[in-house]
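First comes the structure, then the notes that go with it.
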Amino acid sequence: MKRTHSCGVLNLESVGQEVTLIGWVSKRRNLGSLVFIDLRDRAGITQITFDEAHADLVKEVRNEYVLQVTGKVVAKDVPNPKLKTGAIEVLVSSVNIINSAETTPFIIAEETDALEDTRLKYRYLDLRRENIKNNLMLRHKVTMCVRNYLSSLDFIEIETPILCKSTPEGARDYLVPSRIFQGKFYALPQSPQIYKQLCMIGGLEKYFQIAKCFRDEDLRADRQPEFTQIDMEMSFVEEEDVWNTVEGLMKQIFSEIKGIELNNFPRLTYTECMARFGSDKPDTRFEMELNLISDVFANTEFEVFKNILAANGEINAIVVKGKADAFSRKDIDKLTDFVKIYGAKALSYLKYNQNEITGSIAKVMSDSEKNTIINKLDLKENDLVFIVADKKKVSQTSLGALRVKLGKDLNLIDSDKFNFLWVTNFPMFEYVEEENRFVAAHHPFTSPNLEDMDKLFENQENCFSRAYDLVLNGYELLSGSIRIHDQAVQAKVFEAIGMSLEEAKEKFGFFLEAFKYGTPPHGGVGIGLDRIIMILTGTENIRDVVAFPKTASAADLMSEAPNLVDEKQLKELKIKIEH
RNA sequence: GGUCCGGUGGUGUAGCGGUUAACAUGCCUCCCUGUCACGGAGGAGAUCGCGGGUUCGAUUCCCGUCCGGACCGCCA
């Protein structure tokens, strides 16, 4: 179809040209014998004008009709500064009404008032809106940037299977029944982990993939059941090589997309990260770090704290500077409810005013304890201290969550900042209370720290791994590790995580077999593409950066997936549904 | 699996034990030659998510259920 320009490009330089535009009617302003239409396509909006001689041509035209118009570009007497093309308009001489449209369920505008479920039901209309469309266009730019950058470093993009073998560890699999092997199932990949390692064994050296991944777990604002990873794996590398490659990629993305030149990324061990921020994905755009103050209460008479310390618990504190008078008893009660979500039994607080400590636990503290805490936390006039005494993990994570909440509530976060942080040395195991034992914290191919090999069995609590995360503004952007490439180490790790060799063979036999034939040392990462786009576009909702997202219950409101299937389909698969 | 919030014309909200169910916007008709959130006049449009209960009477209160959202658990 004839189309000389998009609706986003015309300006004063185009004045006098005859142009043909195609687009949707975004807004119609009918002044009787003079009609203005905002014509919209992917690139933007141009005002097209119908004078007395042509107004009748569009008498029937309504919003979202598809028009092809030809006319002359003229300068406007009064430009519209809100439009990129606001200096000009197109004086239409002929119009072709390509298609009509029914009244849409919601108004297609940047600031729509429709709620998200309505928008999701008519997602194809939602995609016409500026912000969703722009998010997807930015997403495209990022993936192109990734492909170009990694290609330039000799990575090759390789597609790995979507129909895989189910491995029940880790996230719940989405299962696909096999018709040919009745009663058997494929699983959709939670990540291409095993395949990319096999690519390394296959001698491909540097692999990447923009990979769809699937996890049948409950959703969150930043979690979809199917999502996209920039998946990478490299041979003959150590941590530094992987980190440098990823940093280079991130710097390239931010330079190209945002025009921001990033500094080198700081690093923190997991243990230090938890102690300082109460989180393994801290938002480092503001301070208010945790302080371990167990020793202040080493000789406390306060039974609650005494018992917690006796049971190997911890007492941590955060200081809200100069805000003691801003928090009423009622406010603090609300924050107490908040930390309880994370398992904390209570939230203690202290206020420092005119050299005096008051607050919930002031009366159970001795003068010397009060003085110690003033010095240790460097308290100044009107400071507010929040304290959680509990099991170490609860004390840290509940205060960590409170820290983030206060950071947001008190507006301490500079939204123009992009704070990357490598978190390294993740624990090899984590303690599961219900089972009263340590279990693998990562997939079983993660290499333990070399100096911790002797702790695999004896001292699991202090056995750390070569796993790392990259954190950006409080989001976990990626996880990765240096993998095990040595069969003997692999056997030890299986044993350590309580997986018998038979079990390991049953689950990963083909993989272990491959390890026999000259496995190169290798490592890599899986980068959450959706989350990068979220941060780059400034949204906190992952659905805003996915073309056709699922709801919190993993349903598609538009197509109504998942749905019932024909009895015939089930019969072929020999599947019976219990009612 | 759990906690919390929400569901009222097409859309977004207000409301309340008895209302003519309100407002904005959209839609329809008419008027209008410089609008750009056009303006003006008029009009249509809602069994208040669904089921049950309490009550003389329920959109309103209670229980259940479905749907949407946030969070905890979960996400090796």
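Numbered from 1 within each chain, the chains take letters A, B, ... in sequence-line order. From a predicted model like this one, the values you see are computed outputs, not experimental measurements.
The side chain of A:Ala552 approaches B:rG69 more closely than any other nucleotide in the set B:rU11, B:rC72, B:rG69. Listed nucleotides B:rC36, B:rG69, B:rC28 differ in distance to A:Arg62; the shortest reach to its side chain belongs to B:rC28. Nearest nucleotide to the A:Asn30 side chain, out of B:rC71, B:rC32, B:rG68: B:rC32. The side chain of A:Leu31 approaches B:rU35 more closely than any other nucleotide in the set B:rU35, B:rA76, B:rG69. When distances run from any side-chain atom of A:Asp113 to the nucleotides B:rC72, B:rU11, B:rG69, the shortest one goes to B:rU11. For A:Phe106, counting side-chain heavy atoms from C-beta on, the closest listed nucleotide (B:rG69, B:rU11, B:rC75) is B:rU11.
Contact annotation for A:Lys82: backbone-only contact, meaning every heavy-atom pair under 4.0 Å involves sugar-phosphate atoms and none involves a base. If you check every strand for non-hydrogen atoms under 4.0 Å, A:Asp216 touches nothing. Nucleic acid contact class of A:Gln190 (heavy atoms, under 4.0 Å, all strands): none. Among the heavy atoms of the strands lying under 4.0 Å from A:Ser33 is at least one base atom, whether or not backbone atoms are also near. A:Leu557 comes within contact range of the sugar-phosphate backbone alone, with a heavy-atom separation under 4.0 Å but no base atom that close. At a threshold of 4.0 angstrom between heavy atoms, the contacts of A:Val78 include nucleobase atoms, whether or not backbone atoms are also involved.
With centroids closer than 5.5 Å and planes inclined by less than 30 degrees as the test, A:Phe36 and the base of B:rU35 pass as a stacked pair.
Across the P atoms, B:rG17 and B:rC75 are found 47 Å apart, a figure rounded to whole Å. B:rU35 and B:rU13 have their P atoms separated by 33 Å, with the value rounded to a whole Å. Between B:rC48 and B:rA58, the distance separating the two P atoms is 12 Å to the nearest Å. B:rU3 and B:rA76 have their P atoms separated by 25 Å, given to the nearest Å. Rounded to a whole angstrom, the distance from the P atom of B:rG69 to that of B:rU8 is 15 Å. Comparing B:rG2 with B:rG49, their P atoms are spaced 24 Å from each other, to the whole Å. With both ends at atom P, the span from B:rG39 to B:rG34 equals 14 Å, rounded to whole Å. Rounded to the nearest Å, the gap between the C1' atom of B:rA22 and that of B:rC16 is 11 Å.
For A:Glu102 against B:rG10, a side-chain-to-base donor-acceptor contact under 3.5 Å is absent. Under 3.5 Å, the side chain of A:Lys27 and the base of B:rC36 form no donor-acceptor pair of N or O atoms. In terms of polar N and O atoms assigned as donor or acceptor, the side chain of A:Arg220 never comes within less than 3.5 Å of the base of B:rG69 in a complementary pairing. Evaluation of atom-type donor-acceptor distances gives a pair under 3.5 Å for the side chain of A:Arg223 against the base of B:rC74. Interface remark: the A:Asp218 side chain does form a donor-acceptor pair with the B:rG73 base, using a distance-only criterion of under 3.5 Å. Not a single donor-acceptor contact under 3.5 angstrom links the side-chain atoms of A:Lys340 to the base of B:rU3.
Contact check, A:Arg119 against B:rG68: no side-chain N or O comes under 4.0 Å of OP1 or OP2. Residue A:Arg29 places at least one side-chain N or O under 4.0 Å from the OP1 or OP2 atom of B:rC38. The phosphate of B:rG68 (OP1 or OP2) has a side-chain N or O of A:Ser553 nearer than 4.0 angstrom. Contact annotation: A:Asn63 side-chain N/O to B:rC27 OP1/OP2 distance is under 4.0 Å.
Under a cut-off of 6.0 angstrom, the local environment of NZ in A:Lys165 is crowded, with over 12 non-hydrogen atoms contributed by other residues, nucleotides or ligands. A:Lys121 NZ: 12 or fewer foreign heavy atoms inside a 6.0 Å radius. The number of heavy atoms from other shown groups lying within 6.0 Å of CG (A:Leu564) does not exceed 12. No more than 12 heavy atoms of other residues, nucleotides or ligands lie within 6.0 Å of OH in A:Tyr186, so this atom counts as exposed by the packing criterion. Residue A:Lys492 qualifies as open at atom NZ: its count of foreign heavy atoms under 6.0 Å is 12 or below.
Nearest-nucleotide assignment on RNA chain B puts the 5′-proximal partner with A:Leu115, out of A:Leu115 and A:Thr103. Along RNA chain B, the nucleotide nearest A:Lys550 and the nucleotide nearest A:Glu60 are compared for position; the residue whose nucleotide lies closer to the 5' end is A:Glu60.
Using cut-offs of 30° and 60° on the angle between ring planes, the pair A:Tyr468 and A:Trp422 is perpendicular. The aromatic rings of A:His522 and A:Phe515 sit tilted relative to each other, their planes meeting at an angle between 30° and 60°.
Nucleotide B:rA37 forms no Watson-Crick or G-U wobble pair with any nucleotide shown, as no partner meets the under 3.5 Å limit on both distances. Partner assigned to B:rU3 is B:rA70, using Watson-Crick or G-U wobble distances below 3.5 angstrom. Across all strands shown, nothing is found opposite B:rU55 as a Watson-Crick or G-U wobble partner with both distances under 3.5 Å. In this structure, B:rG17 forms no base pair with any nucleotide, since neither Watson-Crick nor G-U wobble geometry is met with both distances under 3.5 Å.
Between A:Asp117 atom CG and B:rG7 atom C1' the separation is 9 Å, expressed in whole Å. For the pair A:Asp38 CG and B:rC38 C1', the computed distance is 11 Å after rounding to whole Å.
Considering CD1 of A:Ile484 and CZ of A:Phe445, their distance stands at 8.5 Å, rounded to 0.5 Å.
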